[in-house]
Amino acid sequence: MPTNYEQLREENIARNKKLLEGLMKKNAIEDARRPQPKRTRRVDRKSAPGKPKKRMQRTDDDEIEDPHPIKRARPETPQSGVRRSQRNAGKAIPDYQAESQQARLPRLVTTKVGVDHDRDPNRPSGKRIHDPKTFGHIPGIPVGTWWESREDCSNDAIHAPWVAGISGSNEGAYSVALSGGYEDDIDMGDYFTFTGSGGRALRGTKTNPKNLRTAPQSSDQSFEHSFNKALKISSETRKPVRVIRGFKLPSPYAPFEGYRYDGLYTVEEAWMEQGLNDGGFLVCKFAFRRVPGQPPLQVKAEGEADDNHDEDSASFTA
DNA sequence: GGGCCCGCAGGG
DNA sequence: CCCTGCGGGCCC
């Protein structure tokens, strides 16, 4: 670990944060200049007296005009404060205080891997009914849909790869997964930075061969890499990219467990910088912006935020 | 907690 | 075919 690791970390985070804030400001100005879009929801009925509002205060579970209602989980609701570890996924959740919570909240759905979802009866178990290699939303999968595993998410055609964070082609990227693999990525919800793929020694070394699926950075990334190239193309075509957030992402916008579809984003910038890795290898970076007009992002409640960023006591390494 | 190693889907 | 990939299960 280089001695300037901490410094690089600070620099990267500060620079990327600044970049995102710049984008945010710029877009806010542009949006204000643009003619107001037509309202799709009627919010201007100024609470006529005696007429109770149809819709209660919006909660995380509210769905806006979703023609395909499905069962959704509430991954942000800790069950008795127990954070389920990955290896418990698939097993039943210990149901500690059943009634009190279930009266108010939808049950945390824990469909087993491989078992059919009840979300779409048309889909045979484990099979897709939609093509993940398309741009934009997938029919029947509203923003906010949650899965226990990447496999389930893949079956719903939101993000095809089970492991890889980017899915795309020479037409651009279809989807990305935010799983917290890069420490200096910043997630501000509507804006985030994202690191490309490649440059990892998945096969280990000659003397110590391995057969890994993920590994530490061991060489420079490049925009020649097809996935990174796809994202760069997306930054030029401005086609929307589906985004899922995973439980490992150290962010208030990450789900408490599993994976969640957070809607469409555009790639605003693509650049390279020294990555926060043991060796200072270059990485491809991208800045994303959430397409306006989508259901609000779900945010972790107070007290269940990830510890990762809470303590500034340089406890990032073990 | 960490290490190991696997199936799998997708791309070349 | 082979190789890759910010998963996931199992064992320690």
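Worth knowing before you read on, the calculation uses all heavy atoms, side chains too, and leaves out hydrogens, waters and symmetry mates. Sequence lines set the chain letters: A, B, ... in the order given, protein chains first and strands last, and positions in each chain run from 1. Since the structure is predicted, the reported quantities are computational estimates derived from the model, not experimental observations.
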Criterion side chain to side chain donor-acceptor pair (under 3.5 Å) on A:Glu273 and A:Trp271, from CA distance to verdict: CA-CA 7 Å; A:Glu273 68 183 31; A:Trp271 72 99; 2.9 Å; yes
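Residues A:Arg242 and A:Tyr265 form no side-chain contact, since every pair of their non-hydrogen atoms from C-beta on lies 4.5 Å or further apart. Looking at A:Leu178 and A:Ile244, their side chains never come closer than 4.5 Å, going by heavy atoms from C-beta outward.
Among the nucleotides B:dG10, C:dG8, C:dC6, the one closest to the side chain of A:Ser197 is C:dC6. Proximity note for A:Ser179 (side chain, C-beta onward) versus B:dC5, C:dG8, C:dG7: the nearest is C:dG7. Candidate nucleotides B:dG11, B:dG10, C:dC6 were compared by shortest atom distance to the side chain of A:Thr214, and C:dC6 ranks first. The side chain of A:Ala160 sits closest to B:dG10 out of B:dG10, B:dG11, C:dG8. Of the listed nucleotides (B:dG11, C:dC6, C:dG8), C:dG8 has the atom at the smallest distance from the side chain of A:Ser149.
Here A:Tyr174 is tied into one hydrophobic group with A:Phe135, each link being a pair of ILVMFWY side chains closer than 4.5 Å.
For the residue pair A:Gln217/A:Ser219, the side-chain donor-acceptor check at 3.5 Å is not satisfied.
The residue A:Tyr174 sits apart from the nucleic acid: no heavy atom pair falls under 4.0 Å. Residue contacts for A:His225: at a heavy-atom cut-off of 4.0 Å it reaches the sugar-phosphate backbone alone, with no base atom in range. Among the protein residues, A:Arg213 comes within range of the nucleic acid bases, having at least one heavy atom under 4.0 Å from a base atom. When heavy atoms are screened at a 4.0 angstrom cut-off, A:Gly246 is found touching no nucleic acid atom at all.
Summarising the geometry, the separation between CG on A:Leu178 and P on C:dG7 is reported as 11 Å, rounded to the nearest angstrom. We find that NZ of A:Lys229 is positioned 9 Å from P of B:dG12, with the value rounded to whole Å. Atom CG of A:Asn211 is separated from atom C1' of C:dC2 by 12 Å (rounded to the nearest Å). Per the geometry, NZ belonging to A:Lys210 stands 12 Å off C1' belonging to B:dG2, to the nearest Å. For A:Arg245 and C:dG7, the CZ to P distance is 15 Å, given to the nearest whole Å. Distance A:Asp152 CG to B:dC8 C1': 14 Å, rounded to the nearest Å. Between A:Glu151 atom CD and B:dG10 atom P there is a gap of 12 Å when expressed in whole angstrom units. Computed from coordinates, the A:Glu224 CD to C:dT4 C1' distance equals 17 Å when rounded to whole Å.
Taking the six-membered ring for Trp and thresholds of 30 and 60 degrees, A:Phe192 and A:Phe194 have ring planes more than 60 degrees apart, a perpendicular arrangement. Ring geometry for A:Tyr261 against A:Trp147 counts as tilted: the plane angle lies between 30° and 60°, on a 0 to 90° scale.
Between A:Glu171 and A:Lys133 there is no salt bridge, since none of the side-chain N atoms of the basic residue sits less than 4.0 Å from a carboxylate O of the acidic one. Between A:Arg260 and A:Asp262 there is a salt bridge, since at least one side-chain N of the basic residue sits less than 4.0 Å from a carboxylate O of the acidic one.
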Dot-bracket for DNA chain C, please. Rules: Watson-Crick or G-U, both distances under 3.5 Å, ( ) within the strand, [ ] when a pair crosses earlier ones, | for another strand, . otherwise. |||||.||||||
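Proximity of residues 162-170 of chain A to DNA chain B (heavy atom under 4.0 angstrom from any strand atom) is restricted to A:Trp162, A:Gly168.
Put simply, the residue from A:Lys248, A:Lys300, A:Arg290, A:Arg245 that forms a salt bridge (charged side-chain N to carboxylate O under 4.0 Å, His left out) with A:Asp187 is A:Arg245.
For the pair A:Leu212 and A:Lys133, nearest-nucleotide mapping onto DNA chain B gives the more 5' position to A:Leu212.
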